[in-house]
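Keep in mind that the numbers below use all heavy atoms, side chains included, and drop hydrogens, waters and symmetry copies.
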Amino acid sequence: MDIALFMTLLTIGSVVSSLLTQAIKKAYENAHLTYSANMIALLDAAIVGGGGTIATFIFKHAPVNLTNVTFVVVMIVATWISCTIGYDKVIQTIGQLTANNKE
């Protein structure tokens, strides 16, 4: 896997995982259930980031070896971090902008 492919997968995985995380959080809120946003994001990252990387390896006919397994694990962690940090910072910025406009 080269850096361009890694960054492409990370970008797509982060966006999809962020959207899926927010959809699940809204569903929990509408059902009045408690949840851990970080754990939801982690599960989404494992499914989206790990699954997307595995699917890419399958389509590219990449061998199953320690290097590729390591890439899957790294992609899960990177997707989880970017999903968690990215969405929270965007919402915080929007909140600050709307608060400044109201004043």
Side-chain angles (χ1 to χ4, degrees):
M1 176 180 289
D2 60 353
I3 190 71
L5 179 58
F6 183 85
M7 293 307 294
T8 301
L9 289 174
L10 179 59
T11 302
I12 293 168
S14 296
V15 170
V16 172
S17 186
S18 293
L19 293 173
L20 184 59
T21 298
Q22 293 312 308
I24 292 171
K25 284 170 53 176
K26 287 294 179 189
Y28 271 81
E29 287 173 8
N30 291 340
H32 305 293
L33 298 171
T34 59
Y35 61 89
S36 171
N38 286 340
M39 289 299 107
I40 291 173
L42 177 59
L43 291 174
D44 289 346
I47 294 167
V48 174
T53 305
I54 291 170
T56 301
F57 286 154
I58 290 170
F59 291 135
K60 290 181 66 138
H61 304 287
V64 178
N65 56 30
L66 184 59
T67 303
N68 288 340
V69 171
T70 303
F71 276 125
V72 172
V73 173
V74 169
M75 183 61 72
I76 290 170
V77 173
T79 303
W80 179 43
I81 290 171
S82 62
C83 168
T84 303
I85 293 173
Y87 180 79
D88 293 340
K89 294 301 178 190
V90 169
I91 292 301
Q92 181 183 13
T93 302
I94 291 171
Q96 288 172 345
L97 290 174
T98 56
N100 288 338
N101 289 336
K102 291 180 182 179
E103 295 176 354

Within one Ile-Leu-Val-Met-Phe-Trp-Tyr cluster: [X] and [Y], side-chain cutoff 4.5 Å:
| X | Y | result |
| --- | --- | --- |
| Leu10 | Ile54 | yes |
| Val48 | Val72 | no |
| Val73 | Ile81 | no |
| Phe57 | Val64 | no |
| Ile58 | Met75 | yes |

To the closest 0.5 Å, what do you measure between [atom1] ([X]) and [atom2] ([Y])?
| X | Y | atom1 | atom2 | value |
| --- | --- | --- | --- | --- |
| Leu42 | Ile47 | CG | CD1 | 9.5 Å |
| Phe71 | Thr56 | CZ | OG1 | 12.5 Å |
| Met7 | Ser14 | CE | OG | 8.5 Å |

Scan for side chain to side chain donor-acceptor pair (under 3.5 Å) pairs involving residues 39-49, sequence neighbours excluded, and state none if there are none.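 Pairs touching residues 39-49 that pass the test: Thr21-Asp44.
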
Of the non-hydrogen atoms in [X] and [Y], which two are nearest, and what is the gap between them?
| X | Y | answer |
| --- | --- | --- |
| Lys25 | Ile40 | CG-CD1, 4.2 Å |
| Ala41 | Ser17 | O-OG, 4.1 Å |
| Ala45 | Ile76 | CB-O, 3.7 Å |

Test of understanding: with side chain to side chain contact (heavy atoms under 4.5 Å, CB included), list the residues that count as partners of Val74, not counting sequence neighbours.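 With sequence neighbours excluded, Val74 shows a side chain to side chain contact (heavy atoms under 4.5 Å, CB included) to Phe6, Thr70, given in chain and number order.
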
